[in-house]
Structure formats: structure tokens, C-alpha cells
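Heads up, the thing below is written out as C-alpha cells.
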2 protein chains.
Amino acid sequence: MKLEQAAKQLEALGNPTRLNLYRTLVRAGEAGRPVGYLQETLGIAASTLSHHLHRLILTGLVTQERQATTLICRANYPVMSDLLGFLADECCADAACSPASGEVAA
Amino acid sequence: MKLEQAAKQLEALGNPTRLNLYRTLVRAGEAGRPVGYLQETLGIAASTLSHHLHRLILTGLVTQERQATTLICRANYPVMSDLLGFLADECCADAACSPASGEVAA
DNA sequence: CCGATATTTCGAGAATCCTGGAAATAGTGC
DNA sequence: GCACTATTTCCAGGATTCTCGAAATATCGG
């Protein structure tokens, strides 16, 4: 079910700490950010950060790559793009909501 | 804080029942749907629906209007549009993410 | 192999959420 | 005002979340 997955991703972003975390990663771009850097920047316990990071990774919104002892985290753009696509398609909120995909009212 | 509000709205949508509910309202368009209709369609207890509806209304994603004894619920497009705007602006996930708003990496 | 650094897992407490039934409230029509 | 329908509020139980500290794990440099 696509809806279930979208809900999970929205829920993952629906927490101030995680949304802030995700935003930080998006702004970091392709370079990504090490976990330790994020921990200092966000000012939360390492275990707490690990927990939130895990949730974002589970939904696919964030990926990790190991570089020696540090883990680099990156925002996974395509997944977010998919999510926005779902919202536009299923829950279109724009005035330009054309009846392109799926019956509008049956 | 805009981030706090965005997180609240994302959290409101981050539940399968509520996302489905919201989608139903979006598809209903300007006509909206009465609470009772939603309750039958979604197949959940009236009190449960009322609870979820309340959350969506608190975040501004849904509005209600009374028509005699029934309450008509409608998706509040501008709020969703604002939310998508925030995501595009702060957490841009598109390849076309230009460095228009805010420093990209400082 | 050992010490050092980076990160996760474990355990736990407080808070919040989700769900539904029962009772209360709001509004209508007579 | 009264019966009636539509909806919300109250209550409660079970599940999940959020947060952190302490301990465990992983990787590197020597």
C-alpha cells in the first residue's frame, strides 16, 4: 500500500527534532554530514540522535555511508520526491490540481 | 517557529487513518463530506473519527461548516500548499533545488 | 593486539497516541 | 418544549514514542 508508506514517511518527518535533522541534511547536500557533527549541531544525546536517524533511514529518507570511523548521513532526494509526488497526486492541494491522474470524483 | 508548525502538520498526516481521511476530503473537493459519511466510508468508530478530525482541524488542514444537523468537512488547500512550500523551500528534494532561498552551505 | 574515537544497542521512565463504548451536547423540526 | 439525529466529550486500556545514560560494538592507528 502506497498510502501506508507515505504515512510512515510523513510520520518520520512529523517530529520537530527529525524535521530539523532532515533539513540539516538537505542543506548539507551531496557532502552529507557525520553523525557526530549532527549530534553537536542539534544538541541532543547521541543515543537520541541514533534513534531518530534510524527512523529516517527505515523510511528511506536518509542514507548512510561509512568513512573510516565516522558515518556520513545524506538526505535521499528521490524518496522525498516520491513522497511529494504522492501528495500532489493523491492529496493534491494546489489550485492547479488537474484531473490528470485517477478519477476526480467517480 | 515555522518548523514546529510544519512538523505538527506532517505528524497529523503521518497516520494511515488520517492520511486516508484527508485524501477522501481532498477528492471530495469543494463539496466536502459530512462526518457521518466519512465514518461509514472509513469504517471506524464515530469517536475515533472525531478524534482524528480534531487533530486535522487543529493543524488547519481541515475545516468544518455546519449545515443543519450535519457538519461538512473540507480539505483546506492553502494550508497544504503552505506545507508543500515549506518542504520545497527548507527541505527541497528536487533536482531543481536552486540556491534561491537561504545560504546553501554557509 | 591495544588504546582511542565514533556510533549503536539496551534498559527504563514519562509522555503521548490510538481505539472504541458510553454518556453528554448541539441543532432541527414539529 | 420534546423527540430525534448528528457529533463530540469523557473514560480507559494497550501500544508506541521520546529521551537519556550506561554499556556494547565497530573501525582505525600504531
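Just so it is clear: chains get the letters A, B, ... in the order the sequence lines come, proteins before strands, and each one is counted from 1. Side-chain atoms are counted along with the backbone in the values below, which use heavy atoms only and exclude waters and symmetry mates.
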| task | Any chance you could lay out the side chain to side chain contact (heavy atoms under 4.5 Å, CB included) test for B:Leu10 and B:Phe86, step after step, and finish with the verdict? | result | CA-CA 11 Å; B:Leu10 288 167; B:Phe86 172 87; 5.8 Å; no
| task | Can you tell me the distance, in whole Å, between the CZ atom of A:Arg66 and the C1' atom of C:dT8? | result | 10 Å
| Side chain of B:Ala68 - closest among C:dA22, C:dT28, C:dC18 | C:dT28
| query | To the nearest angstrom, how far is A:Leu71 atom CG from C:dA6 atom C1'? | reply | 8 Å
| query | Can you tell me how far C1' of C:dA6 sits from CD of A:Glu65, to the nearest Å? | reply | 16 Å
| request: Would you classify A:Ala46 as touching base, sugar-phosphate or nothing, given that sugar-phosphate means primed atoms plus P, OP1 and OP2, and contacts are heavy atoms under 4.0 Å? | output: base
| request: Whole angstrom is fine here: how far is it from CZ in A:Arg33 over to C1' in C:dA6? | output: 17 Å
| Contact class for A:Thr70 (heavy atom, under 4.0 Å): base, sugar-phosphate, or nothing? | sugar-phosphate
| task | Provide the closest heavy-atom pair for B:Val62 versus B:Cys73 in the form atom of the first, atom of the second, distance. | result | CG1-CB, 4.3 Å
| Value in whole Å for how far the P atom of C:dG29 lies from CD of B:Gln67 | 12 Å
| field | From CA spacing to verdict: side chain to side chain contact (heavy atoms under 4.5 Å, CB included), A:Leu56, A:Leu25 | value | CA-CA 11 Å; A:Leu56 286 172; A:Leu25 289 179; 5.6 Å; no
| request: Go through DNA chain D in 5' to 3' direction and return only the first and the last nucleotide with some atom under 4.0 Å of chain A's heavy atoms. | output: D:dT17 to D:dC28
| query | Same cluster for A:Ile72 and A:Tyr77 if Ile/Leu/Val/Met/Phe/Trp/Tyr side chains link at under 4.5 Å? | reply | no
| field | Minimum heavy-atom distance A:Leu42-A:Thr24, with the two atoms named | value | CD2-OG1, 4.2 Å
| task | Identify the heavy atoms of B:Leu61 and B:Gln9 that sit nearest to each other, and give their distance. | result | CD1-O, 3.8 Å
| query | Over how many whole Å does the gap from A:Ile44 atom CD1 to C:dT7 atom C1' extend? | reply | 13 Å
| request: Ignoring backbone atoms, establish whether B:Thr17 has a side-chain N or O less than 4.0 Å from OP1 or OP2 of C:dT19. | output: yes
| said: Between P on C:dA6 and CD on A:Gln64, what's the gap in Å once rounded to a whole number? | reply: 15 Å
| task | State yes or no: do B:Leu84 and B:Tyr22 share one hydrophobic cluster built from I, L, V, M, F, W and Y residues joined by side-chain heavy-atom distances below 4.5 Å, directly or via other members? | result | yes
| task | Take B:Ile72 and A:Asn15, find for each the nucleotide of DNA chain D with the closest heavy atom, and name the residue whose nucleotide sits nearer the 5' end. | result | B:Ile72
| note | Result for 5'-nearest mapping on DNA chain D, choosing between B:Val35 and A:Gly43, is B:Val35
| Please give, in whole Å, the distance from C:dG11 C1' to A:His51 NE2? | 14 Å
